**Q** 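I'd like to ask you about the structure that follows.
Everything numeric here is computed off the predicted structure, so don't read it as measured data.
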Amino acid sequence: MSFGAQAFETERKDGRQRAFAQIDDARTRIANFEDSSTDAKELRANLYAATKKPARTVIDGRVYILHVHVCENLGEDAFEVNIDPAPKLDPSVVPPFTAKQGQYLAFIYNYTKIHRCPPAESDLQYYFRVSPPAIHDMIKTLERNGLIEKKPGQARSIRLLVAPAHLPPLK
């Protein structure tokens, strides 16, 4: 996706798991794993999981949805993956988020309103009294779900994408 691929496919052949990207109408090999390697097994597991529910990912600050289909005509463990930009949130509709996510969103909103700049991950860590990895995972989840956006490599760049009226009170 970071190379501009609109789609990719995988195939399992001759003891190898290969992935090919579709970039500007050309098929380019982007991965070639030994079938029994950890990378090949992880790739297959992730793609099988994504056949049940489209996967969301963030690349360079943009959210994408991966639609994965099993591709019978390419052999065993073959997949076709379409990469589509995620639709923007409709500000008039309350987006789905958990109670915990709502608290993080409410904190980001209130902190930004008071300090006139978004919080750093350390500010969130101090308020919620959780570990740095827990904060980072939550930020990634909020971004992947399209509830916030960040500029890659820029500190204090969290921008709330949820209308303040849809946020719960901060507890």
**Q** Please list all pairs passing the ring-ring contact (aromatic ring centres under 6.0 Å, His included) test where one or both residues lie in residues 145-171, with sequence neighbours left out.
**A** none

**Q** Mind checking what makes salt bridge (Lys or Arg N to Asp or Glu O under 4.0 Å) contact with Glu149, not counting sequence neighbours?
**A** Arg159

**Q** Applying the 4.5 Å side-chain criterion to the ILVMFWY set and letting contacts propagate, would Val162 and Val94 be lumped into a single cluster?
**A** no

**Q** Under 6.0 Å from the ring centre and within 45 degrees of the ring axis: does the NZ or CZ of Arg129 meet both conditions for the six-membered ring of Tyr126?
**A** yes

**Q** Do any N or O atoms from the side chain of Thr57 and from the backbone of Tyr64 form a donor-acceptor pair under 3.5 angstrom?
**A** no

**Q** Mind checking what makes ring pair (Phe, Tyr, Trp, His ring centres under 6.0 Å) contact with Phe128, not counting sequence neighbours?
**A** Tyr104, Phe107

**Q** For the atom pair CD1 (Ile83) and CD1 (Ile65), what is the distance rounded to the nearest 0.5 Å?
**A** 12.0 Å

**Q** Counting distance only, does the side-chain N/O of Arg18 pair as donor-acceptor with the main-chain N or O of Lys13 below 3.5 Å?
**A** yes

**Q** Under 3.5 Å, is there a donor-acceptor pair between the side chain of Gln103 and the main chain of Lys171?
**A** yes

**Q** Does anything in residues 36-49 form a salt bridge (Lys or Arg N to Asp or Glu O under 4.0 Å)? List the pairs, not counting sequence neighbours.
**A** Asp35-Arg44, Arg44-Asp77

**Q** With rounding to the nearest 0.5 angstrom, report the CE to CD1 distance, Met138 to Ile148.
**A** 10.0 Å

**Q** Out of the candidates Val81, Asp84, Asn82, only one should pair with Leu66 under the side chain to side chain contact (heavy atoms under 4.5 Å, CB included) rule; please name it.
**A** Val81

**Q** Would you please name every residue forming a side-chain contact (heavy atoms from CB on, under 4.5 Å) with Thr98, sequence neighbours left out?
**A** Lys100, Gln101

**Q** Would you list the atom pairs, donor with acceptor, under 3.5 Å between side chains in residues 117-124 and any protein atom, with sequence neighbours excluded?
**A**
residue, atom, partner, partner atom, Å
Glu121, OE1, His136, ND1, 3.4
Glu121, OE2, His136, ND1, 3.3
Asp123, OD2, Tyr111, OH, 3.0
Asp123, OD2, Ala120, N, 2.8
Asp123, OD2, Arg156, NH1, 3.1
Asp123, OD2, Arg156, NH2, 3.3

